Amino acid sequence: MWTKSSRDGKKGGRRERSFGGWCVAFPRRVLIVAGLLCIVFACAASGLSERLSVGGFAASGTPSARAEAWAARFGADRPELVLVLRLSRRTLDSPAVQAAGRRITERLAAERGVSRARSYWTEADGALRSADGRSALVLADLSGSETDTARTAQRLVPRYTERGSLFAVRATGPAWSLAQSTEQARTDLVRAELIAAPLTFAILALAFRSLAAALLPVVVGGLSAVGALAVLRVLTVVTDVSVFAVNLVGALGFGLAVDYALFIVARFREERARGLVPRAAAQASVATAGRTVAVSAGTVTAALAALLVFPFSFLRSMAYAGMAVVVLAALTAVVVLPAVLACWGPRVESLDPLARVRWATAPTIGRDSPLWRAVARAVTRRPLWWGAACILLLTVMVLPFGHGRLGLADERILPTGVEAHATADLVRREWGTPPEGTLAVVLPRADPDVDKAALDAYGRRLSALPGVRGAVTVTGRYVGGRRVGEARPQRAFPDPHPDPRARSHPRTPPPDRRGRGTVATVSMVPDPQSERAADLVHAVRGLPSPGPGHVAGWAAQVVDARDALTSRLPLAAALIAAGTMTVVFWFTRSVVIPLKVLAVAALSLTAALGGIVHVFQDGHLRWLVGDFTATGTLDMTIPLLLFSVAFGLSVDYELFLLSRVQEHYRATGDNTEAVVHGIARTGRLFTAAALAVAVAMGALASSGVLLLKELGFGLALAVVVDATAVRGVLVPAVMRLAGRANWWAPARTRSPRHRRRRGPQTLADPDISAPASAPVGPGQPPVAPPPTPAEAPQQ
């Protein structure tokens, strides 16, 4: 696909026929096609926001997911919408209040999208009345998917919370939380772009010393983001795509665009400094840095593809979005960017924003960094000490990850002032146990008339379990193993008006004709996401019941989601490891380097995970990331997504560093000097890229949605740590200690080109190749080739 730059006519002809040569030879055609494609992508992406889904954080295909479908048939599933009706003067049992409460409940039940509504006044259930007798709950079951319920809540809640009625009405529940999270995410996306765009452009302008060059990542990022949105629009036809995927496309697309544009433009400048004309320099950039961009994109895509093994629709849609934007960013970088460079030529160096105040020639991207060269020489002199110190630092950062706890997102991902969160906190204070603090045990084969004795004994056993506040069956209410009252009548199975979600559920078994079925409910004391709640779920599932039992509820979903994650984690890790090692081995033809890349990336990224546990689970550094609610858990999808994206970015930097080190090593055979040269040549580049990517990703930390805040902060931390401590200290220390073993590979695994090599190769690097304008003249002795790797002294 790519060929190295050359000056002789024969090779030049082959180069013109190569892919990169064609893009540079006909740049205007490439730019016209790119412009037309951008218009097509923009048209294809129209209407995407209306088709995005919300939710998808719970695992699918689990026992609790099937139990939720059973519970929906019995009307025992968790209500999607909860209204809190508060009185200021009268009592809940006065005739006027009772009539008004029934009217509101009946009106809500008749709304489009509402399958069932119940309240304190229609059910005569004391659990729906607050302890002070001034508030009552109205619970609504909404039909359809999570996206449908969120849209229904978005339509209904403003109408029922208007002021002027007998009650002060407030709303919460999963559907209203999802609706407000969606709206918050859209607002945060605009704010993040307004924060990140000018800051990133300023960093690039200062790094490139050119406003024209700073526009190039904007071109790459814009084209890749628009194309990725078009891909997501197509995917919405066949699968669910999360609303948060748009935020990822913006942040990741712009971050990768900065990386790829920096590397290619830096190489273009080097080739121009060697005396090449713009088109030849653009071709040489594609042949060297462009190849690395393609390999890097393949690695990032493989890391994101590993998310597809997890049964979370949220993760899968984020993986689709990430893979689309990575592939498009790489294609834009190796196709459109060289065409722009060929057209602009010397103008890429124009419009230095600090030209008038600069009193000396400042170093720029693409040149050696004296600071990073000094750091690299210091590290390679004492690699053991520096490597140990860096590992110690990363280990300290990893420590908080040891007590990390995973959970599922609820309304607390929103700011405390948002209605869904504030009202849920009110329910916790007034009622003690929120609606999600209840387990429903569906017993489809139990007959309420025939199995009364068995159901009575089952209710007593349920109420005697540790952590149970009380249990209710068709035979009565139970506390502490004793029956304390009558139970309200329950609908018998089959439901005359089954929930549409249950009818469409593919794994819900047909009704058992031998029994009408019934439901037992369990009110929990512990938080549904705590370890005590998980123990209670296991205890309820292990308790003998009158026939098969299906345990539904938020706590059961948390338990099953954790089990689904841990069961698929080894497969995902194996896929990431295999994909990374294969790509890096193919790129370097080394056995040792892929292992080193994998180990270093895993260590540095686990350190980033430790950082988000310390900040968001433990509740530290609020002044840095903004206020949030520390729930004592992390949403289990975020560490997976963070690790996959950050792992790809980490290997991205590693490949660009290795490409420089490998070039110098093949030309000189000196491992230590090659490491120093690679760090010196890429250090300033990595610093600028890390700052730009950290700003683009870190802008998500300004979001009010906790999930985006965690993702943005974690990615920014991972990039900064990786581009400084890991790339500047740990990697050169490990490579110096490994010596020539870095480049060892069995002879059969080497490419034919490598097997034919008898000595070091002079590559297109200004520091190690002679200028093209200085050929060996007549009567001059030929320049002796540098020693082969076997003859070169080991540094």
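Please read these numbers as outputs of a predicted model, since none were measured by experiment.
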Take D535 and R532 through the salt bridge (charged side-chain N to carboxylate O under 4.0 Å, His left out) test and state the conclusion after the steps.
CA-CA 5 Å; D535 294 338; R532 289 182 60 200; over 6 Å; no
So which atom in [X] and which in [Y] form the shortest heavy-atom distance, rounded to 0.1 Å?
X	Y	value
P311	R568	CD-NH1, 3.9 Å
A577	L598	CB-CD2, 3.6 Å
A179	Q154	CB-CB, 4.2 Å

Just verifying a value: how many Å separate [X] [atom1] and [Y] [atom2], rounded to the nearest 0.5 Å?
X	Y	atom1	atom2	answer
Q617	E710	CD	CD	9.5 Å
Q180	E419	CD	CD	6.0 Å
L711	L248	CG	CG	6.5 Å
D627	T629	CG	OG1	6.5 Å
L621	F713	CG	CZ	6.5 Å
M318	F312	CE	CZ	14.0 Å

In terms of the angle between their ring planes, are [X] and [Y] parallel, tilted or perpendicular, with boundaries placed at 30° and 60°?
X	Y	result
F628	F616	tilted
F74	W70	tilted
H614	H620	parallel

Among L83, L81, L108, V82, which residue satisfies the side chain to side chain contact (heavy atoms under 4.5 Å, CB included) criterion with L139?
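Answer to the side chain to side chain contact (heavy atoms under 4.5 Å, CB included) test with L139 among L83, L81, L108, V82: V82.
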Applying side chain to side chain contact (heavy atoms under 4.5 Å, CB included) between L642 and each of I612, L605, L634, report the one that passes.
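That would be I612; it is the only one of I612, L605, L634 passing the side chain to side chain contact (heavy atoms under 4.5 Å, CB included) with L642.
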Between D560 and S64: side-chain donor-acceptor atoms closer than 3.5 Å
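The criterion, which ignores hydrogens and geometry beyond distance, is satisfied for S64 and D560.
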Can a donor-acceptor pair be found, under 3.5 Å and without considering hydrogens, that links the side chain of R170 to the backbone of L426?
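Side chain of R170 to backbone of L426: no pair is present.
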Whether D141 and R118 form a salt bridge (side-chain N of Lys/Arg under 4.0 Å from carboxylate O of Asp/Glu) is what I want to check.
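Salt bridge present between R118 and D141.
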